[in-house]
There are 2 protein chains.
Amino acid sequence: MPTPHYGQPRYRAIADELRNRIEGGIIPPGTLLPAESKLTAEFRASRGTIRQAIAILREEGLTATEHGRGTYVKTDMRSSSAHRQTGSDVQQSIISADAYLAALFQVDMGAEIIETEVISRTADKVVSVTRTYRLPR
Amino acid sequence: MPTPHYGQPRYRAIADELRNRIEGGIIPPGTLLPAESKLTAEFRASRGTIRQAIAILREEGLTATEHGRGTYVKTDMRSSSAHRQTGSDVQQSIISADAYLAALFQVDMGAEIIETEVISRTADKVVSVTRTYRLPR
DNA sequence: AGAAATTTGTCCGTATGTATC
DNA sequence: AGATACATACGGACAAATTTC
């Protein structure tokens with residue numbers, strides 16, 4: 001049971017399987033996925049592993065999850081996909097240092113800096129936006 | 001990615017960063033820290049490392065963790081504080097919302113937004129620069 | 001209207017294997 | 001060899017939102 005992580009990890013395999021069912025129409029848009037507890041039984045994986053798999057689908061924009069309700073398949077508006085606002089909370093990107101940051105970090109202007117943006121919401125309302133800059137390590 | 005721990009270990013650096021955010025008011029007393037899973041994403045560290053960092057804050061009495069709920073910042077009654085050795089500059093200003101922030105906060109462009117900047121240093125070197133935006137109330 | 005069951009969210013502790021300093 | 005850190009995985013427990021009875 002422990003962790004033979006040769007090759008592909010289990011949560012990825014499970015995500016693949018679920019994705020296939022969604023795209024194959026077995027789990028139609030708008031309907032709920034089986035509860036996490038059902039999925040642990042079916043795949044004989046721990047809940048954490050199941051949740052990792054679902055997290056992948058959520059990042060891909062295939063599903064959305066609501067506390068106390070479940071995870072449902074998004075009614076796919078595929079034309080607009082892939083761009084912006086998948087609603088993920090943490091975004092990282094590499095920017096180049098402006099004069100201010102360069103001076104602080106004691107690097108040249110234009111040097112690579114990692115920017116992390118965290119958007120925190122409560123009840124779908126944005127409460128704060130935090131951007132953290134640090135040097136790559 | 002693996003383990004260049006020149007000087008101070010990762011979990012200590014992360015603890016310092018979180019402490020600075022707390023003392024800088026970015027994470028106000030009474031509010032919850034981001035979940036372990038969010039912190040692993042933001043700092044790109046493993047769960048074990050994040051948990052070590054939070055353990056430090058807990059030992060310092062800065063935070064308390066409730067099982068199943070989260071880790072919140074304690075309402076610090078003893079402001080004797082003595083200003084820890086790792087320094088941080090905090091600066092607050094009012095800016096006007098650009099298109100991006102306006103959209104997130106659902107306000108008009110140009111609306112007032114409070115920006116808090118925390119510069120954390122360890123041994124006179126800037127470790128991170130964090131800017132937090134929130135609405136006035 | 002209220003209690004119970006369901007379901008997701010989060011934390012706890014532990015374990016294994018890999019890799020680097 | 002030991003400390004640090006990563007990724008993966010398990011099982012358990014409590015918290016909170018939603019649904020069902």
Side-chain angles (χ1 to χ4, degrees), chain A residues 1-18 27 30-59 62-74 87-90 92 118 120-125 127 134 136-137, chain B residues 1-18 27 30-59 62-74:
Chain A
M1 320 33 202
T3 317
H5 70 293
Y6 313 112
Q8 185 181 236
R10 301 199 56 197
Y11 67 88
R12 238 181 272 278
I14 294 173
D16 290 344
E17 171 64 22
L18 292 175
I27 312 177
T31 67
L32 292 173
L33 260 63
E36 290 171 359
S37 58
K38 295 288 164 72
L39 294 174
T40 62
E42 184 187 336
F43 291 103
R44 285 198 247 104
S46 74
R47 203 183 145 206
T49 302
I50 297 295
R51 284 174 62 77
Q52 276 184 87
I54 292 177
I56 290 180
L57 303 180
R58 183 170 42 243
E59 270 169 31
L62 264 180
T63 64
T65 303
E66 285 173 22
H67 191 169
R69 277 209 73 196
T71 298
Y72 60 88
V73 180
K74 279 212 200 165
S88 74
D89 282 325
V90 183
Q92 244 165 17
V118 181
S120 60
R121 298 178 169 86
T122 50
D124 285 338
K125 297 250 288 256
V127 173
R134 58 167 59 88
R137 55 176 212 277
Chain B
M1 340 299 217
T3 318
H5 69 292
Y6 303 114
Q8 138 180 279
R10 285 266 285 154
Y11 63 88
R12 223 169 269 284
I14 292 173
D16 289 343
E17 168 68 21
L18 292 175
I27 312 177
T31 66
L32 291 173
L33 260 62
E36 290 174 354
S37 57
K38 292 286 164 60
L39 294 175
T40 62
E42 184 186 336
F43 290 104
R44 289 188 296 174
S46 73
R47 193 186 152 217
T49 303
I50 296 295
R51 284 173 60 74
Q52 281 183 84
I54 292 178
I56 289 180
L57 301 180
R58 184 169 43 242
E59 274 166 25
L62 261 180
T63 64
T65 303
E66 283 176 24
H67 192 166
R69 191 153 180 274
T71 297
Y72 62 89
V73 180
K74 279 215 210 164

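The sequence lines fix the lettering, A, B, ..., with proteins before strands; numbering per chain opens at 1.
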Distance in angstrom units between [X] [atom1] and [N] [atom2], rounded:
X	N	atom1	atom2	answer
L32(A)	dT19(D)	CG	P	10 Å
R58(A)	dG9(C)	CZ	C1'	10 Å
R51(A)	dG11(D)	CZ	P	16 Å
I54(A)	dT10(C)	CD1	C1'	15 Å
I14(B)	dT4(D)	CD1	P	14 Å
E36(A)	dA17(D)	CD	C1'	13 Å
H67(B)	dA13(D)	NE2	P	9 Å
L39(A)	dT6(C)	CG	P	16 Å

Quick one: is [X] getting a side-chain N or O under 4.0 Å of the [N] phosphate, OP1 or OP2?
X	N	answer
R12(A)	dT8(D)	yes
T49(A)	dC10(D)	yes
R69(A)	dT19(D)	yes
T71(A)	dT7(C)	no

Legend entry - CA sep, side-chain torsions, deciding dist, call: I50(B), R47(B), side chain to side chain contact (heavy atoms under 4.5 Å, CB included): CA-CA 5 Å; I50(B) 296 295; R47(B) 193 186 152 217; 5.5 Å; no
Legend entry - Candidate nucleotides dC6(D), dC10(D), dT10(C), ranked by approach to the side chain of A35(B) - the nearest: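 Comparing dC6(D), dC10(D), dT10(C) against the side chain of A35(B), the answer is dT10(C).
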Inset, instruction - Could I get the full list of salt bridge (Lys or Arg N to Asp or Glu O under 4.0 Å) partners for R51(B), not counting sequence neighbours? - result: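 E36(B).
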Inset, instruction - Hey, which sits more toward the 5' end of DNA chain D by its nearest nucleotide, Y11(B) or E66(B)? - result: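 Checking each residue's closest nucleotide, the 5'-ward one belongs to Y11(B).
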Inset, instruction - Report the residue (I50(B) or G48(A)) whose heavy-atom-nearest nucleotide on DNA chain D is the more 5′ of the two. - result: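 Counting from the 5' end, the first nearest nucleotide belongs to I50(B).
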Legend entry - Contact summary for I56(A) and R12(A), nearest pair of heavy atoms: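 Closest heavy-atom pair between I56(A) and R12(A): CD1-CG, 4.1 Å.
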Legend entry - Considering all heavy atoms, the nearest A53(B)-I14(B) contact: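 Smallest heavy-atom distance, with atoms named: CB-CG2, 3.8 Å.
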Inset, instruction - Establish whether the base of dT10(C) is bridged to the side chain of R47(A) by a donor-acceptor pair shorter than 3.5 Å. - result: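 Present.
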Inset, instruction - For side chain to side chain contact (heavy atoms under 4.5 Å, CB included), just list the numbers for T63(A) and L18(A), CA-CA rounded to whole Å, side-chain angles, deciding distance to a tenth of an Å, and then say yes or no. - result: CA-CA 11 Å; T63(A) 64; L18(A) 292 175; over 6 Å; no
